[in-house]
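Below you will find the structure I want to go over with you.
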Amino acid sequence: MSASKSKKKGLRRRKFLKYSGIGLGLIIGGGYLSRHMWRRSIFEIAESAIVPYNGNLSPNIWFQITPANEIILHSSKVEMGQGTFTGLAQLAAEELEVEVEKIKVVHADTASGNIDGMSTGGSLSIATLWQPVREMAATMREMLKQKAAEKLGVGIADLKVENGVISAGGNALTYGEVVEGVTDWEFPDTPKLKEAKDFKYIGKPVARVDLHDKVVGAPMFGIDVEVPDMLHASVVRPEKIDAKLKSVDSSKAASMPGVIKIVEEKDFVGVIAETHVQAENARNALKVEWEINKSWDLAEVRAMTKVGNGKLTVIQKEGDAKSILDDAEEEGSVVKLEFNTPIGAHAQIEPNGATALVKDGKATVWLSTQVPLITLNEVSDRLGMDKENVNIIPKFLGGGFGRRLHTPNAVQAALMSKAIGRPVKCFFDRKQEFQNDTFRPPTHHIVRGKLDANGNIEAIGHDFSSGDVAFNSALMPPIAGTILGADIGAIRGGAIQYRSIPNIRAESWHVDLPFATSWWRSLGLLANTFAIESSIDELAIKAQKNPVDFRLSHIEDNEAGKRLRNVIKTCAEKAGYTDEVVNGRAMGFAASTDAGSPCAQVVEVSVVDNQIKVHKVTAVLDCGIAVNPDQVRAQVEGCIIMGISASMFEQMDLKDNKLFPVIYGPYQMAMMRDAPKEIDVVLIEGADFAGPVGEPPLGPIGAAIGNAVRRITGKRLTDLPMSLA
Amino acid sequence: MKISFNINGSAQTVDVDEKTPLLWVVRDLLDLKGTKFGCGKAACGACTLHVDGESVRSCSFPVKYAAGKDITTIEGLSSGDALHAVQQAWKEEIVPQCGYCQPGFMMATAAMLDKIPNPTDEDIDNNIVNICRCGTYYRMRKAIHRAAEIKNTNS
Ligand code: FES
Ligand code: FES
């Protein structure tokens, strides 16, 4: 993947930041490609051809073709709605020369050995597998051809491969017929891949491979797992932050209907019962005491999350922005805005949970997880079992968004199953989901800008403060903070993308908050872009310039700049952007670049009785090759609506150590009536690889709405969720 | 206590505490997993099914009120292999992302179309009040209008 484009200025820092965001995937993506590695991990399962991808000798599986002519793609990436299964099927179909719908995509369980060393997240699934999956599929095709040639008694060059059939002269074999009886496979060198102009499936808006199952309500999610003889459990979770379990009185609960066992562990208490409802009822009857370390409320958290507090890392530095802005502030010629964004909940609809069976020295856990490897490690560590004896079986996720990067449920279910010797299913209730979320951290931003005599930006500074995103995450080594300096999640979108501004400075301040915060779709992008792009508009207004032209005039002349300029221009044209208010409606413009994919958005907004309404959004995204344009569009639409929800409605509060609200409704989110009736998505393929899609479009939306409201009301909204009242 | 009802066209009798939410009877006793749990407090709509043709949030509907009634879940929305107009429209518009909320939305939509065959955007806003975290509302609205079209053509 071309993750890095050379830059004239600030090369080292920028390059480093890019790599830490996207490069982790590169290591995995590139690691298993060499022919050598493939050779070492060859193995056969009777009568099926399985091509592994990993270097070790455990059964690492990507593809499987059975004599019954089933073509199965075992995906180490999980499907959480982002359409990865469909994209992977398209990539595979292209080189396997078989129709997309003939490929069945399933989650690889960890026992198969096809384990993603990282997570499913960061918009990286297709981006990092774009090349490897095609190479594996192409290799697989060549292997099939070799055997077909033998079986048909012809030379490889005489074979024709089309729609899953290999033929020569009048004879033809399906892939199933080719693999029948073969136990001995030879791995050729990785063949040359098709060129884009020859793509049959890539770039086509094929229907999602999971569409039918999702329309008929098939039992595919983690919570749907059913195992014979299964019991149900419910656990106690802290209702307060900064609290430790002190004591539990289970006398009443133990004698309630259906209760089979109460399991007390060092960090949780669980009730196992015949049914889910019985388990919950009994759990509610437990008398639990917590030891509160210190009392907390929201005001304290807000006071902590301030630029100037905690640990500072300068993430971008060009020229001498600081002294220019300090001087300008003193003489009163600076534009200075302060922004705040709230604690955000993931609020995915399927709660976290797991079903486990621990018996006879083996453990199996079924669940919705974004991190099968971490789940595997946690379960095997806590149970003191070798990893070979633990199998994690990922299921379809009822939403991910970063919420399933932490899976304590797996350990809980496993310990309870071990205690009772039967399968146990256990999942959080909605209150626990809200109270024990790993939240999007609150943020605070100060943006300062100074115009030169021609009304161009002479200097700009973005200083921001955030709690953990990547830090203290199981995804990162504990020393990540020391090595990386800045929290690589919190700084997403924090740098200024208008690189021809001569003086730029971005400072990231990191605070330790008294509750867990972590990855939330797009990480820091939503908050950072809200602050920066609102400020850019404010500077344009001060300069009396059209905000689109204003942005265009500050973009650097290089490859990334070319792509950014293109999305901005295209978006303004497509939307017919004007900075005038027409019939009570105003347009708002914003753009961001995330993980290399630039996105621009124009929103059409009205304000009636202080109520903001978004009528239309035009979005232009350049993600390089769109493997499935329909699903890329779906991701853009989803990001826009999730972004509207986060910018206009959502916030968590904190009082007496309790985080709340703990239910939908009071935790207000965008609903049908709040979704724009028109969303016009334009895709630009400005690069020759498949780039990140699932998060970049979350950047502009908040600022775009704020910028439209500013034009209607004259009021600059600086806090999320937005309120005019 | 023993409670009898019809579900997806067949008679069923369950022996269960009468206060048990219908959702858990459907999911765990009858093993129909298409009806989803999202909140347990009638706040998200993931558990929507039909009781005598009315859209009901089954997480907050004690099973005793189902006695003698006709229940339809997403598994019973289609007739055999022929998908319901709502499901067909959902497929045409490729609505689902993670898919978890979708059965609830489809059930709510099917019940609405029985009462309002040609819903306006406002009807949709007022009647379809479930929550989708993936943000598929935009496509859902299109699919709802399309489902109305399909249904009106078929009938
Ligand atoms: S689960 Fe019933 S409304 Fe949410
Ligand atoms: S499709 Fe995921 S919650 Fe609606």
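Small disclaimer: the values here were computed from a predicted structure and weren't measured. Residue numbering restarts at 1 for every chain, and letters A, B, ... go by the order of the sequence lines.
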Nearest non-hydrogen partners of B:Lys91 and A:Leu211, listed with the distance
O-CD2, 3.6 Å

Between side-chain atoms of residues 96-105 of chain B and protein atoms elsewhere (two or more places apart, or another chain), which donor-acceptor pairs fall under 3.5 Å?
| unit_1 | atom_1 | unit_2 | atom_2 | d |
| --- | --- | --- | --- | --- |
| B:Gln97 | OE1 | A:Gln635 | NE2 | 3.4 |
| B:Gln97 | NE2 | A:Ala634 | O | 3.0 |
| B:Tyr100 | OH | B:Phe37 | O | 2.7 |
| B:Gln102 | OE1 | B:Trp90 | NE1 | 2.6 |
| B:Gln102 | NE2 | B:Thr136 | OG1 | 3.2 |

Is the shortest side-chain N to carboxylate O distance from B:Lys142 to A:Glu637 below 4.0 Å?
no

Can you tell me how far apart SG (B:Cys39) and CD1 (A:Ile349) are? Round to the nearest 0.5 Å.
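Output value for this atom pair is 8.5 Å.
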
Closest-packed option against chain B by number of heavy-atom pairs under 4.5 Å, given A:Ile644, A:Asp429, A:Ile223:
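Most pairs with chain B among the choices: A:Ile223.
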
Most chain A-contacting option - heavy-atom pairs closer than 4.5 Å, from B:Met140, B:His84, B:Lys36, B:Glu122:
B:Lys36

Quick one: what part of A:Phe428 sits under 4.5 Å from any heavy atom of chain B, side chain, backbone, both or neither?
backbone

Residue-level interface, residues 273-282 of chain A with chain B, non-hydrogen cut-off under 4.5 Å:
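Within residues 273-282 of chain A, the residues under 4.5 Å from chain B are A:His276, A:Val277.
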
Does atom NZ of B:Lys41 have more than 12 heavy-atom neighbours, drawn from other residues, nucleotides or ligands, at distances under 6.0 Å?
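Counting other residues, nucleotides and ligands, NZ of B:Lys41 stays at 12 neighbours or fewer.
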
Atom OH in A:Tyr667, atom CD1 in B:Ile131: separation rounded to 0.5 Å?
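That separation rounds to 10.5 Å.
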
Please flag which part of B:Asp17 lies under 4.5 Å from any non-hydrogen atom of chain A: side chain, backbone, both or neither.
neither

Using atom types as modelled, flag every donor-acceptor pair under 3.5 Å from a side chain in residues 668-682 of chain A to any protein atom, sequence neighbours excluded.
| unit_1 | atom_1 | unit_2 | atom_2 | d |
| --- | --- | --- | --- | --- |
| A:Asp674 | OD2 | A:Met671 | N | 2.8 |
| A:Asp680 | OD1 | A:Lys574 | NZ | 3.4 |
| A:Asp680 | OD2 | A:Lys574 | NZ | 2.7 |

Salt bridge check, B:Lys33 against A:Glu226: does any charged N sit closer than 4.0 Å to a carboxylate O?
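A salt bridge links A:Glu226 with B:Lys33.
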
Counting heavy-atom pairs under 4.5 Å with chain B, which one of A:Met220, A:Lys431, A:His212 comes out on top?
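Option with the top pair count is A:His212.
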
Whatever's closer than 4.5 Å to a heavy atom in chain B on A:Phe401 counts as side chain

Within the 4.5 Å heavy-atom criterion, are A:Gln631 and B:Ile94 side-chain neighbours or not?
yes

Contacts with chain A made by residues 42-71 of chain B (heavy-atom distance under 4.5 Å), listed by residue number:
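Result: B:Ala43, B:Cys44, B:Ala46.
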
Can you say whether B:Leu83 sits under 4.5 Å from chain A via the side chain, the backbone, both, or neither, judging by heavy atoms?
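The side chain, not the backbone.
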
If you count heavy-atom pairs under 4.5 Å between each of A:Ala347, A:Pro257, A:Pro666 and chain B, which one has the most?
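Most heavy-atom pairs under 4.5 Å with chain B: A:Ala347.
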
Which portion of B:Ile144 sits near chain A, non-hydrogen atoms under 4.5 angstrom
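Contact with chain A is through the side chain of B:Ile144 alone.
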
Between B:Arg139 and A:Asp630, does at least one N-O distance fall below 4.0 Å, as a salt bridge requires?
yes

Part of B:Thr20 lying under 4.5 Å from any heavy atom of chain A:
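For B:Thr20, the contact with chain A is made by the side chain alone.
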
Between A:Phe396 and chain B, with a heavy-atom cut-off of 4.5 Å, which part of the residue counts as in contact: side chain, backbone, both or neither?
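When you check distances to chain B, no heavy atom of A:Phe396 falls under 4.5 Å.
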
Contact class of A:His232 relative to chain B, heavy atoms under 4.5 angstrom
side chain

Please classify the contact between A:Ala218 and chain B as side chain, backbone, both or neither, with a heavy-atom cut-off of under 4.5 Å.
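It is the backbone, since no side chain atom gets that close.
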
Are the side chain of A:Arg430 and the backbone of B:Gly38 linked by a donor-acceptor contact shorter than 3.5 Å?
yes

I need the minimum non-hydrogen distance between A:Ser645 and B:Arg133, along with the two atoms involved.
OG-NH1, 3.8 Å

Looking at A:Met642, A:Lys425, A:Glu350, which one has more heavy-atom pairs under 4.5 Å with chain B than the rest?
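Ranked by contacts with chain B, first place is A:Glu350.
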
For A:Asp224 and B:Arg27, work out which heavy atoms get closest and say how close.
OD1-NH2, 2.9 Å

